[in-house]
**Student:** 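If you scroll down you'll find the structure; I have some questions about it.
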Amino acid sequence: MPVDDEQDAISTGFSWASACLAALLERHGVPSRHQATEIAHICAISISQARRKLRGAVWLFDEVQTICRHFGESLDAVFGSSALQTGSTSSHATPTPVNTYPATLLIDGQKMACNIQLGPLCTTARDASCQGLIAFYNQREGWLVTGVQRMQQEGYSGAHYAVEQLQVRNSLDQARARIAVLDDDIGSAAALTDWFNEVGYEAHAYTSSAALLARPLSEHDAFVLDLILGGGQTSQSIVERIRMEQPDAPIVLLTGQLKDGTASEATLATILRTQGVTFFEKPVRPAVLTAAIQSGLDRRASQHD
């Protein structure tokens with residue numbers, strides 16, 4: 001890519017995190033045309049990866065921390081409210097890993113939106129895996145991420161987990177519609193989650209009903225459910241549960257097992273008749289699926305106006 005083209009792409013594709021880090025580099029004398037190369041060197045990633053991140057892809061926490069440390073600035077200075085007064089959302093984002101959760105990072109006196117992948121349960125304060133960032137669940141604020149000392153200062157003494165992966169999110173992402181994808185096939189769940197995140201939603205994948213119900217259903221605005229789950233279980237009960245808690249949330253059922261008789265047409269007909277869901281046979285074009293969900297979200301918004 002020519003230098004001028006690269007500079008134009010970067011300047012028009014900032015996410016909040018990208019813009020904050022770009023401002024950091026500029027403060028230290030790195031012009032926009034050299035920022036991808038500098039980030040690649042600091043983070044030990046390819047220049048193409050650095051370009052994608054500057055255009056709006058999600059940053060790993062380790063990458064953010066490495067850049068801040070390299071230039072001797074704190075996260076508070078880089079991402080605090082005074083660090084950057086303007087920012088824009090991006091239409092591109094890296095896929096959210098399966099079994100990740102939205103969370104809040106408590107660091108340097110700031111609260112930063114992030115996605116986390118949980119590691120093992122910490123059984124003692126000396127667990128090697130729990131010497132870095134840890135996560136604990138607060139009924140009022142959801143998952144909180146911090147160090148053990150800060151957790152103790154918060155007065156929380158319950159179960160906490162090591163954080164295997166943390167991604168800083170655009171602070172404006174919280175306004176995006178949140179979609180839960182339930183499919184016992186990890187590949188299918190990840191592919192749909194990838195698509196939804198790419199087109200501007202905040203999607204989270206689950207491979208079992210128990211995993212989905214471990215989170216408050218209110219944390220999702222729409223649901224895409226495979227009709228047939230592991231062990232031949234249907235998603236009828238989870239649909240009914242969602243309807244009890246969210247009567248007007250868009251729900252889309254998917255299955256590719258009608259033709260072979262694995263999925264019961266009678267069960268499907270009952271769900272369609274009583275629960276107000278949309279149904280597509282697999283394979284379904286992602287754009288068509290997205291249009292159905294957005295239509296439902298628009299109807300929901302108009303009813304609440």
Side-chain angles (χ1 to χ4, degrees), residues 13 15 46 48-49 52-53 55-60 89-103 114-118 164-170 173 176-215 217 219-236 238-239 242 249-260 262-263 268 271 277-297:
S15 70
S46 69
S48 62
Q49 287 177 306
R52 286 195 295 271
K53 290 177 181 294
R55 292 172 188 157
V58 178
W59 295 81
L60 296 178
T89 57
S90 168
S91 61
H92 299 285
T94 55
T96 303
V98 173
N99 295 329
T100 62
Y101 302 103
C114 61
N115 289 334
I116 59 170
Q117 186 170 8
L118 296 179
E164 284 194 351
Q165 187 180 61
L166 182 148
Q167 298 172 320
V168 175
R169 285 193 285 127
N170 185 326
D173 280 352
R176 298 189 300 170
R178 303 161 298 179
I179 302 174
V181 178
L182 174 60
D183 194 317
D184 61 345
D185 184 288
I186 294 177
S188 297
L192 276 181
T193 301
D194 185 353
W195 166 265
F196 288 131
N197 284 321
E198 284 283 346
V199 297
Y201 298 91
E202 179 185 327
H204 296 274
Y206 302 90
T207 55
S208 70
S209 297
L212 175 57
L213 292 175
R215 304 285 301 167
L217 290 175
E219 292 188 358
H220 304 292
D221 302 303
F223 301 82
V224 178
L225 313 174
D226 196 15
L227 178 61
I228 304 298
L229 303 174
Q233 174 192 5
T234 75
S235 55
Q236 183 173 0
I238 191 71
V239 170
I242 294 169
I251 301 175
V252 177
L253 284 180
L254 304 176
T255 189
Q257 297 174 292
L258 281 177
K259 293 180 181 179
D260 64 10
T262 303
L268 175 61
I271 298 173
V277 305
T278 302
F279 168 70
F280 292 104
E281 280 198 80
K282 294 180 179 180
V284 58
R285 292 184 179 276
V288 175
L289 178 59
T290 303
I293 291 173
Q294 188 58 54
S295 177
L297 290 170

**Student:** Can you measure from CG (Asp183) to OG1 (Thr255) and round to the nearest 0.5 angstrom?
**Tutor:**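 With rounding to 0.5 Å, CG (Asp183) is 9.5 Å from OG1 (Thr255).
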**Student:** Under a 4.5 Å cut-off applied to non-hydrogen side-chain atoms, are His220 and Leu212 in contact?
**Tutor:**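 Contact flag for His220/Leu212 side chains = yes.
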**Student:** With rounding to the nearest 0.5 angstrom, report the CG to CG distance, Leu289 to Leu192.
**Tutor:** 6.0 Å
**Student:** For Ser208 and Ala211, indicate whether the former's side chain and the latter's backbone hold a donor-acceptor pair under 3.5 Å.
**Tutor:**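 Between the backbone of Ala211 and the side chain of Ser208 there is a qualifying donor-acceptor contact (under 3.5 Å).
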**Student:** State, to 0.1 Å, how close Asn197 and Glu202 come at their nearest heavy-atom pair, and which atoms those are.
**Tutor:**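 Shortest heavy-atom contact: OD1-CA, 3.6 Å.
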**Student:** My understanding is that only one of Val181, Leu182, Val224 makes a side chain to side chain contact (heavy atoms under 4.5 Å, CB included) with Leu254; could you say which?
**Tutor:**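 Per the side chain to side chain contact (heavy atoms under 4.5 Å, CB included) rule, the option paired with Leu254 is Val224, out of Val181, Leu182, Val224.
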**Student:** Begin with the C-alpha distance, continue with both residues' side-chain angles, and end with the deciding distance and a verdict on salt bridge (charged side-chain N to carboxylate O under 4.0 Å, His left out) for Asp185 and Lys282.
**Tutor:** CA-CA 13 Å; Asp185 184 288; Lys282 294 180 179 180; over 6 Å; no
**Student:** Where do Phe223 and Leu217 come nearest, in terms of heavy atoms and distance?
**Tutor:** CZ-O, 3.7 Å
**Student:** About how many Å separate CG of Asp221 and CG of Leu297, when rounded to the nearest 0.5 Å?
**Tutor:**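 Spacing of CG (Leu297) from CG (Asp221) equals 6.5 Å.
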**Student:** Identify the residue among Ile271, Asp226, Thr278, Ile228 that makes a side chain to side chain contact (heavy atoms under 4.5 Å, CB included) with Leu253.
**Tutor:**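 Of the listed residues Ile271, Asp226, Thr278, Ile228, the side chain to side chain contact (heavy atoms under 4.5 Å, CB included) partner of Leu253 is Ile271.
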**Student:** What pair of heavy atoms forms the shortest contact from Tyr206 to Ala180, and how long is it?
**Tutor:** CE1-CB, 4.0 Å
**Student:** Working to the nearest 0.5 Å, report the span between CD1 of Ile293 and CZ of Phe196.
**Tutor:**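 If I round to the nearest 0.5 Å, the distance is 3.5 Å.
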